[in-house]
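Remarks on the structure that follows.
Naming: A, B, ... by sequence-line order, numbering from 1 per chain. Just so you know, these numbers use all the heavy atoms, side chains as well, and skip hydrogens, waters and symmetry mates.
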There are 2 protein chains.
Amino acid sequence: MSFDRLIEKIVEKQNPTVAGLDPKLAYIPEYIKEESFKKYGKTLEGAADAILTYNKGLIDELYDIVPAVKPQCAYYEMYGWYGVRALAETIKYAKSKGMFVITDGKRNDIGTTMEAYAIAHLGETDIDGEKEEAFGGDALTVNGYLGSDGINPLLTICEEKDKGIFVLVKTSNPSSGELQNLEFRGDETVYLHMGRMCEDWGKKVVGKYGYSGVGAVVGATYPEMLTELRGELPKTFFLVPGYGAQGGGANDCKGAFDQNGIGAIVNSSRGIMCAWQKIEGLDEKDYAKAARQEAIRMRDDLKSVIGEMKLK
Amino acid sequence: MSFDRLIEKIVEKQNPTVAGLDPKLAYIPEYIKEESFKKYGKTLEGAADAILTYNKGLIDELYDIVPAVKPQCAYYEMYGWYGVRALAETIKYAKSKGMFVITDGKRNDIGTTMEAYAIAHLGETDIDGEKEEAFGGDALTVNGYLGSDGINPLLTICEEKDKGIFVLVKTSNPSSGELQNLEFRGDETVYLHMGRMCEDWGKKVVGKYGYSGVGAVVGATYPEMLTELRGELPKTFFLVPGYGAQGGGANDCKGAFDQNGIGAIVNSSRGIMCAWQKIEGLDEKDYAKAARQEAIRMRDDLKSVIGEMKLK
C-alpha cells in the first residue's frame, strides 16, 4: 500500500498532474451528444453514452503525457445507473491505457459499510466464491469525519491490492475554514489534526519513495497551509485541487512538493476538459487535442516551478 | 423544504423508525440467491438481481407499518453498476408503496459538484431540455466537513422539490470522538458546532411541525450527547443510527424526541433485515415476515418510551 506506482508514472512522464473527468453535458461537443441522442434519445442513457465517448476521446489524447485521471462520481451519478455504468467503463478504459485512476467519491462511513465502499472502489467483490471488480480504481478520495472506524477498513484492502486513499484535510473551497480552521488546544486546527491522523494511519506502510498509501486532499487555494502541511506531514502524499478554474497557480502549488519534486499531484478538471470552448474558431471535433494542449501547458507551468522530478 | 411529509407518515403509523436496507449477500436467503444465480451466474448482475428481489420482499411486508426505508449506497456500489441499478429500482419500488426514502450516501463536495449530487439523489437531471429523475430519493445523508459550500447547493433543490438532508453531526461509531469531540473556544465541541451549522442552514424554511429540512445524524450510542443536541437544536430533525446491533436501546433514543414524541427517526438495519437468521427452524421463505415481526417489536419498544406521537 503506497503511492509508488503513481509516483513512478509521474516521474516517467515528468508531469505531476491529474486530469479530472467531471463530464457535465455542457462540456461535451454537440456532435458527440447528437450521435448519442440519435441512438438513445435525450435520456439518462443517451447522456451516459455521450459521456463515455467524450471521456474516451480525452483519454486517447492524454494517456501518454498525463499519469492519472480523476473521475468525479457526482457527474456520473447525475445520469443514474447509466451514468455509473459509464463511470465503470471510463475507469476500465483509462486503466487499459496505463493511467492511474483516482476515483473521486469522498466516500465515508463506518465498519462493514466502509468495507463495502473499499471493496466497491478498490477491491474485488465476492459473489458466493466468485470474484469480480466492481469499479477497480487505484485510489479513492474519502472523508475522515468519522475517525479511524471509517479509515481502517480501507487500509486492509489497500494493503492487499496495493491501492491508496486520499483523505480530505484542507479543501480548496471558500467556506472550508468554517469547520477545518477551528482551533483547539490553543493552537491546533481541525485540518492539521486530520492531517496528523493521515500521517498516523499511513505510518505502518511507507513506500520506496517515502510516502504511505494514505494521502491527503489539500487545496492550492490556501498555499500557506499547503506549505505548513507539507512540513508537518512528511509521509503523506497530497492530491491538490484548486489549480486553474478555482484560482490557484503553479506558485501556489509549489509548497506541496518535496526537494525531489515529488509528494503531490495537482488536479485540473474544467481547465483541461473545457479547453476547447476557449479557442475561437476551433472545430469541436478537436476538443481532445485542445485538452492535450492545455495539459502540456499546465505540465510545463508546474515544472517551471518545481523543477525535475526524481525518484530520490 | 422540511420533514413534514416524513413526520406525517411517522404519526400516521405511530412508528418513528426507518428500516435500513443494507443488503449484503450473506443476509439474503439461499432460495433467492439460487434463482438469481441460475439466471445470471455468480456475477455482479446475479448478486444485484438477488438484492432487488430480497428488498422488494422486505418492502412488501414493511410498508404498511414502517414509514421509511434507508438504502445504504455502499452495499449497492459493491455490486458495480448492476448494484446501483438495483438501488434505483429499490428506491422506485419503496416510493410506489408510499414509503419515504432516505438515501444513505453521506455525499459531500463543493459547488457544482455538490449540485450534481443533489440533482442525482433528490432532483431531476436535465438532458438537453428533457428531465428525468436519476435516483429520486426523498432525503440524502451528507457530510458537512467542507462547510456551507457543500450544503448550499442542496438547499436550493430541497426547496424546489420538498426534499431534505441529514448532515453527520455525532456519529454512532466508537471512534467518532477522534474528531467530533474536539473542544475549541474553551468548551464548544466540533459536533456541537456542526449541529449549530445545521440549525443555521435550516432556519430559512421551517415546516409546519417546527422542523426544517436540514436534519442531523446523531447516534443512539451517545445518549447524553443526543439529549444535549436535542436541547441545542430545536429545529433540527434527527436520524438516529445505533439502535439494536450497534448496542443502543429504546431508552438511549429517548432524548432525541420532543414533548410531542416527534423530532427523530431511529434506524435499524441488520436487526430487521437479519431477523430471520435468528429464529430457529424458520423457513427462509418467511424472511420478510420475520423482518415484520422485528419491526413491530422495535416500534412498540420505542413507543413504550416516547409515548404517543402527535402533530402538535
Relative to chain A, which segment of B:Phe37 carries a heavy atom at a distance below 4.5 Å: side chain, backbone, both, or neither?
-> side chain
How about residues 111-120 of chain A versus chain B: which residues have heavy atoms under 4.5 Å apart?
-> A:Thr112, A:Thr113, A:Ala116, A:Tyr117, A:Ile119, A:Ala120
B:Glu130, B:Met197, B:His193, B:Glu133: which one forms the most heavy-atom pairs within less than 4.5 Å of chain A?
-> B:His193
Given a strict heavy-atom distance threshold of 4.5 Å, which part of B:Asp126 is in contact with chain A: side chain, backbone, both, or neither?
-> backbone
Between the side chain of B:Thr125 and the main-chain N/O of A:Met78, is any donor-acceptor distance below 3.5 Å?
-> yes
Distance col, row A:Ser175:OG vs B:Ile151:CD1, nearest 0.5 angstrom, shows 9.0 Å
Could you pull out the closest heavy-atom pair between B:Tyr145 and A:Leu179, with the gap in Å?
-> CD1-CD2, 3.6 Å
Let me know if A:Glu188 has heavy atoms under 4.5 Å from chain B in its side chain, its backbone, both or neither.
-> neither
Rounded distance [0.5 Å steps], CG in A:Leu146 versus CG in B:Asn173 | 5.0 Å
Scored by heavy-atom pairs under 4.5 Å with chain B, the best of A:Asp149, A:Val190, A:Val84 is A:Asp149
B:Phe135 versus chain A, heavy atoms under 4.5 Å apart: side chain, backbone, both or neither?
-> side chain
B:Ser269 versus chain A, heavy atoms under 4.5 Å apart: side chain, backbone, both or neither?
-> neither
Counting heavy-atom pairs under 4.5 Å with chain B, the top scorer among A:Ala47, A:Ala86, A:Ser172, A:Pro174 is A:Pro174
Note: A:Gly80 and B:Ala134 closest approach over all heavy atoms is N-CB, 3.6 Å
So, the side chain of A:Glu178 versus the backbone of B:Ser148: is there a donor-acceptor pair under 3.5 Å, distance only?
-> yes
Atom pair OH (A:Tyr79) and CD1 (B:Ile127), whose distance is rounded to the nearest 0.5 Å | 7.5 Å
B:Thr43 and A:Glu132: which non-hydrogen atoms are nearest, and at how many Å?
-> CA-OE2, 3.1 Å
Distance (rounded to the nearest 0.5 Å) between B:Ser176 OG and A:Ile110 CD1 = 8.5 Å
When the 4.5 angstrom heavy-atom criterion is applied to B:Gln72 and chain A, the contacting part is side chain
Non-hydrogen atoms of chain A under 4.5 Å away: do they reach the side chain of B:Val217, the backbone, both or neither?
-> neither
Closest heavy-atom pair and its distance - A:Lys106, B:Asp109 | NZ-OD2, 2.7 Å
Tell me, side chain or backbone of B:Leu44 under 4.5 Å from chain A's heavy atoms, or both, or neither?
-> both
Chain A heavy atoms under 4.5 Å from B:Leu182: which part of the residue, side chain, backbone, both or neither?
-> side chain
For chain A, which residues of residues 23-34 of chain B have heavy atoms nearer than 4.5 angstrom = B:Lys24, B:Leu25, B:Lys33
What part of A:Val142 lies closer than 4.5 angstrom to a heavy atom of chain B: side chain, backbone, both or neither?
-> neither
Side chain from CB out, backbone as N, CA, C, O: work out which of these in B:Thr171 comes under 4.5 Å of a heavy atom of chain A, or both, or neither.
-> side chain
